[in-house]
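Side chains included, hydrogens not; waters and symmetry mates left out as well; all remaining heavy atoms used. Atoms within a ligand are numbered from 1 in the order they appear, just like the ligands themselves.
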Amino acid sequence: MSIIDIINKKRNSQELSKEELEFAFNGYIEKKVTDYQMSALLMAICINDMTDKEVFDLVDIFIKSGDTIDLSSIEGVKVDKHSTGGVGDKTTLIIAPIVASLGIKVPKMSGRGLGYTGGTIDKLESIPGFKVDLTKEEFLKELGDIGMVVCSQTSSLVPLDKEIYSLRDVTGTVESIPLIATSIMSKKIASGADKILIDIKVGTGALIKNDRDAKILRDLMIRIGTAYNKEVRCIISDMDMPSGFCVGNALEVAEAAELLNGKIKNDLYDLCVDIASNMVSMGKEISIIEARDQVIEAIETKKAYAKFIEFINYQKGNIEAMNVSNNKMEITSVQEGVITAIDAYKVSEVSCKLGSGKLTKEDVIDHTVGVFLNKQVGDSVSVGDTLCTLYYNKVKEDFDVIKAFSIQ
Ligand code: URA
């Protein structure tokens with residue numbers, strides 16, 4: 001077998017056998033296949049797609065590249081959640097405590113930011129002292145003790161995904177439906193939950209740009225889950241504008257806390273209620289309507305907020321000591337009208353340039369910076385009204401954030 005024959009076969013749109021996929025992908029992790037050969041294969045996959053058989057084989061190869069977690073020692077139904085990634089996406093921080101406060105176990109391993117999309121682990125690291133790296137034993141203990149855990153994905157869990165994802169990130173091959181499905185489902189299956197909820201983000205600030213692709217991805221992930229005896233539900237949510245008011249790590253944690261404390265009711269609130277209701281409905285095998293009532297009650301009675309604080313304390317975080325930068329720059333409107341769009345991608349690009357995300361591997365994240373949206377889509381504005389506020393430290397520049405706002 002030769003890697004060049006495998007690349008040629010995929011380039012010619014032929015189906016690869018499991019042995020060929022193993023040869024290429026296991027060979028990559030064993031450093032027998034080079035970066036440029038794997039990049040060529042990934043690009044051929046991106047262009048020519050994969051059959052279901054190829055995807056199922058690849059998921060199996062990914063899972064077997066590392067450890068799996070056995071959650072059977074923990075009582076009760078375990079429901080995991082994953083988002084395909086978006087701008088200002090702090091939903092995990094909100095949903096996990098809601099669902100756990102209703103008695104369903106939430107074992108969540110999260111990632112760091114990739115490109116312009118933020119990562120839950122970077123957000124949690126805004127909280128002084130918060131421990132994101134847990135051993136398998138600590139992970140299981142916390143899940144048993146308080147019913148939820150959010151930590152960094154261990155390097156032994158699907159190491160092949162880690163390698164392939166970094167390569168996809170720099171070779172224009174992130175936006176491939178079979179590769180996204182393989183990446184997400186291999187991690188979710190390896191981390192052992194019984195049921196999985198996936199939030200597929202669609203729009204300018206997301207990997208998936210249109211509803212058609214979102215539905216293809218949804219159906220594929222449900223088929224993969226079924227093959228592994230896991231119930232998978234997907235919701236498709238809008239990512240044309242950032243989720244909520246804040247983009248930037250500490251700002252987003254503060255927003256999540258405020259929402260759980262009953263102080264915010266916006267698009268983010270609706271999305272979180274929707275996702276949490278689906279998870280509770282799966283976990284308790286009740287209707288979405290019943291689950292929704294329980295979710296809203298958990299927020300209104302502050303049960304979910306109490307669980308959030310319990311979780312932060314359990315992982316040694318001191319939320320009182322969390323800071324956002326004192327340096328603020330208000331960006332004001334130069335025209336009058338109604339805001340018709342706020343481009344999520346442009347807002348996150350500015351936030352990253354201020355330091356909330358990495359532009360190169362070597363960059364160090366500044367957790368205290370970011371963008372606060374003072375106005376939302378549908379709001380009327382006059383000349384001089386504040387559209388957004390930039391929180392900055394080292395870099396004091398507006399990076400033309402005004403271009404993110406369409407006003408008519
Ligand atoms: N999230 C993942 O974990 N993997 C992808 O490929 C895309 C989003």
Scan the side chains in residues 293-304 for donor-acceptor partners under 3.5 Å anywhere in the protein, sequence neighbours excluded, and list what turns up.
| unit_1 | atom_1 | unit_2 | atom_2 | d |
| --- | --- | --- | --- | --- |
| Q294 | OE1 | K284 | NZ | 2.9 |
| T301 | OG1 | E297 | O | 2.7 |
| K302 | NZ | N261 | OD1 | 3.4 |

Please give the N or O to N or O pairs under 3.5 Å between ligand 1 and the protein, distances rounded to 0.1 Å.
| unit_1 | atom_1 | unit_2 | atom_2 | d |
| --- | --- | --- | --- | --- |
| ligand 1 | 3 (O) | H82 | NE2 | 3.2 |
| ligand 1 | 3 (O) | K187 | NZ | 2.5 |
| ligand 1 | 4 (N) | S183 | OG | 2.6 |
| ligand 1 | 6 (O) | R168 | NH1 | 3.0 |
| ligand 1 | 6 (O) | R168 | NH2 | 3.0 |
| ligand 1 | 6 (O) | S183 | OG | 3.4 |

Inset, instruction - Sequence neighbours left out, what passes salt bridge (charged side-chain N to carboxylate O under 4.0 Å, His left out) with K105? Give chain and number order. - result: none
Inset, instruction - Please report the shortest heavy-atom distance between D267 and G244, naming the atom on each side. - result: OD2-N, 3.6 Å
Legend entry - Any residue meeting side chain to side chain contact (heavy atoms under 4.5 Å, CB included) with I29, in chain and number order, not counting sequence neighbours: P159, L160, E163
Inset, instruction - Check step by step if ring-ring contact (aromatic ring centres under 6.0 Å, His included) holds for F311 and F130. - result: CA-CA 10 Å; F311 147 70; F130 191 93; 5.6 Å; yes
Legend entry - Minimal non-hydrogen separation, K188 against I196, with atom names: CB-CD1, 3.8 Å
